[in-house]
Structure formats: C-alpha cells, structure tokens
Amino acid sequence: MSTTPDVPEEAWSGVHRGPLRVGEWVRLVDAKGRRHNFCLEPGKRFFSNRGHVEHDEMIGREEGFTVTASTGGEYLVFRPLLSEFVVSMPRGAAVVYPKDAAQIVAMVDIFPGADVVEAGVGSGALTCSLLRAVGPHGRVRSFERREEFADVARRNVTQFFGGDHPAWSLTLGDLAEALPASGEQCDRVILDMLAPWECLDAAAGALRPGGIVCAYVATTTQLSRFTETVRVHGGFTEPQAWESLVRDWHVEGLAVRPGHKMIGHTAFLVTARRMAPGQKAPMKKRRPAPGAYGVDYTGPRPDGIPLEVPADQPPSEESAG
C-alpha cells in the first residue's frame, strides 16, 4: 500500500501522486518511442499492433513500471505530463506548443494569483499552462469567437484538471467588444489570433499600469503589423519580438551530435508593457534600415518617420506634404 500523499485537490494542478486509479489518463510508450494515451477503466483492454494490455494490470500500481502486451511487446507506463498531454489532445484549432507556452509563462511573468485574459482559446493547450501558473487564487478569462473551438477547449481543459477549474471562465465572443464591455481590468493579455492588432485598444484599456500584452503570431507579416501597431499606439513600451527553437541531441559515449529532428519555427512572440495613463515611453532613437518604411510598406507608421522615396523617383503628394 502506497504511503505517498496525493497532491491536494485545492491546488487544482491536474496532477496526482500515488497508485494509478480508475478514471485517470495514462501514457504508454513502446521501445520505438510510439506513444498512446487513454483513460483507465476497469475490465477494459488497450489494443495495438503488439497485442493487448489489460487496464486492470495497471490500476492500483505506482507509475513508472513496464507492462507486457499479449504478443510480448513491452510498454512504459506513466501519467502524462502537461507537455505530453497538450500535443496529443483532441484538436479544434492548432495548439500552442509546450516550448512557446513555457516562454509565455516565464517571459510574460504569469504569477500565482494573476488575472490573465486570453483571446483565442484554440484547443485549450495554453489555457492549461496559464491555469497551472495562476493557481486557484488567480483568474484566466478566455475569449473565443468560434463555438466549435470553444467546445473542444472546454473538454480538454476539464479532462486535464479533472473538473471545472474554479479560476477559469470561457466566453464565446470577440474580445475586442466583450472585454471593454465588462469594464474589468487585468494583469496580462495573451492574443493568439490571426489579427491581434484588432484587439490592442481593448487590451490597452483593460491592462493595469505595468501589465503586459503578448501576441502569438505565425507569420512575419503578422509580426510586423502587430509590432508597428503597438509602437503607433503610444501607450506601451518598445515591443520585443523573438522565437524559440528546440533541438535535441544524440548522446552515446563519444558519439555526441545534434539530433536529426528539431522543433523549429512554430510562432513568433511579441511583448510590451503598459504605461501609466497619460505617460509615454521615451522614443527609441534608431535609424530604420533602408527601405524599412519605403513605398511598398503599407502598415502603421511610427511618428517622425517620413515616407522613403527612391532617389530616381519624384516625391508623391503624400511624401512631399
């Protein structure tokens, strides 16, 4: 009989200690690294090309053991980590990958008790990380325009935490309209959507001074448009943009080399901090690269940057005026 105490229910961590129990999800991994997630139910069997495994063989045992399928194949048995759960969860929209969720939690400083607003709930992957970070005393308010995505996210988040998390609310609607209508403030705003610049005014109106806005965008055109919109707004610090790449390594004695696979580009992250009412951050003294704001550029234009015109082209009325 295990004497390991379980994680307190009031922590709402989505994690258990001790013996595996009915209704929990487990993760089986074979010798080739193939993974299978499923819920433990009495009397049921898990089937694969290696035969079957009885659920009853796993229920009541401490995780971290191996089971042998009916045809002899072996599987490692563990509870799935959050990073493993989100990449295998049912999807409505694309998920925020664990490497990006980790960057958001750390670099946007999602703290216990924080009041976080999320626009674009997707399949609920980032939501799980945000709820884990704010804890039961914080708050995560998610806004989703599409009902089918909201339904998938609700099922995934509820499955991971084993119930309706007390810190989470999910609103079907547009953040650009719903957040200002609520009149409520927040500490952080995460924008995971096609056109996050459309929600910047709403985010600015809701963020407390010192709060952070973060956009998660897939393309360089989205990255440019959002970054320049933040600059033109004037109520934020200079936006910071980056991406993270993850590469594994093969380590075997003296054979140490980069792995053949890596998690490359998934998305760009852009962050900026909210200034106090009526305050503006000092203008960044920079000379834009040649052509950065030339005739082909159609996005927001920071103050003091004129339209650049090639030397062999006469100025237009817009650039001359």
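Hydrogens, waters and symmetry mates are skipped; everything else that's a heavy atom, side chains included, is used.
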Closest approach of [X] to [Y] (non-hydrogen atoms, all atoms of both residues):
X    : Y    : value
M262 : V246 : CB-O, 3.2 Å
A203 : V189 : CB-CG1, 3.9 Å
P19  : G60  : CB-O, 3.5 Å
P90  : V152 : O-CG1, 3.5 Å
P180 : A202 : CG-CB, 3.8 Å

Residue list, salt bridge (charged side-chain N to carboxylate O under 4.0 Å, His left out) with [X], at least two apart or on another chain:
X    : result
R274 : none
R154 : D151
D100 : none

[Y] and [X], any side-chain heavy atoms less than 4.5 Å apart:
X    : Y    : value
S224 : Y297 : yes
L207 : C186 : yes
R145 : M193 : yes
C214 : I104 : yes

Any sub-3.5 Å donor-acceptor pair from [X]'s side-chain atoms to [Y]'s backbone N or O?
X    : Y    : result
T66  : E74  : no
T229 : R225 : yes
E63  : R79  : yes
R273 : G210 : yes
T158 : R155 : no
N156 : S123 : yes
D56  : G43  : yes
K99  : S244 : yes
E144 : A150 : no
H52  : S70  : no

Point-to-point distance, once rounded to the nearest 0.5 Å, from [atom1] of [X] to [atom2] of [Y]:
X    : Y    : atom1 : atom2 : value
T237 : I212 : OG1   : CD1   : 8.5 Å
E62  : T4   : CD    : OG1   : 5.0 Å
L40  : L20  : CG    : CG    : 6.0 Å
E184 : R141 : CD    : CZ    : 4.5 Å
E177 : C199 : CD    : SG    : 9.5 Å
F38  : L28  : CZ    : CG    : 4.5 Å

Exercise. For the pair H233 and L200, evaluate side-chain contact (heavy atoms from CB on, under 4.5 Å) and give the outcome as yes or no after the intermediate values.
Key: CA-CA 8 Å; H233 182 279; L200 187 63; 4.0 Å; yes
Counting only heavy atoms not in [X], do more than 12 sit closer than 6.0 Å to its [atom1] atom?
X    : atom1 : value
E148 : CD    : yes
L245 : CG    : yes
N49  : CG    : yes

State yes or no: do [X] and [Y] share one hydrophobic cluster built from I, L, V, M, F, W and Y residues joined by side-chain heavy-atom distances below 4.5 Å, directly or via other members?
X    : Y    : answer
M58  : W25  : no
L82  : V26  : no
V53  : V22  : yes
L172 : V121 : no
I190 : V217 : no

Quiz item: Do the side-chain N and O atoms of E118 and S142 include a donor-acceptor pair separated by under 3.5 angstrom?
Solution: yes
Quiz item: Pairs in or reaching into residues 189-206: which pass side chain to side chain donor-acceptor pair (under 3.5 Å), with residues at least two apart or in two chains?
Solution: none
Quiz item: What residue pairs, at least two apart or across chains, pass ring-ring contact (aromatic ring centres under 6.0 Å, His included) with a residue in residues 77-134?
Solution: F85-F160
Practice problem: Kindly state each residue pair satisfying ring-ring contact (aromatic ring centres under 6.0 Å, His included) with at least one member in residues 124-157, sequence neighbours excluded. | Solution: none
Quiz item: Between R301 and E228, does at least one N-O distance fall below 4.0 Å, as a salt bridge requires?
Solution: no
Excluding sequence neighbours, so at least two apart, what forms ring-ring contact (aromatic ring centres under 6.0 Å, His included) with [X]?
X    : result
H265 : F268
H165 : W12, F161
Y216 : none

Could you list all the salt bridge (Lys or Arg N to Asp or Glu O under 4.0 Å) pairs where at least one residue sits in [range], not counting sequence neighbours?
range            : answer
residues 25-34   : R27-E84, D30-R34, D30-R50
residues 4-16    : D6-R21
residues 240-268 : none

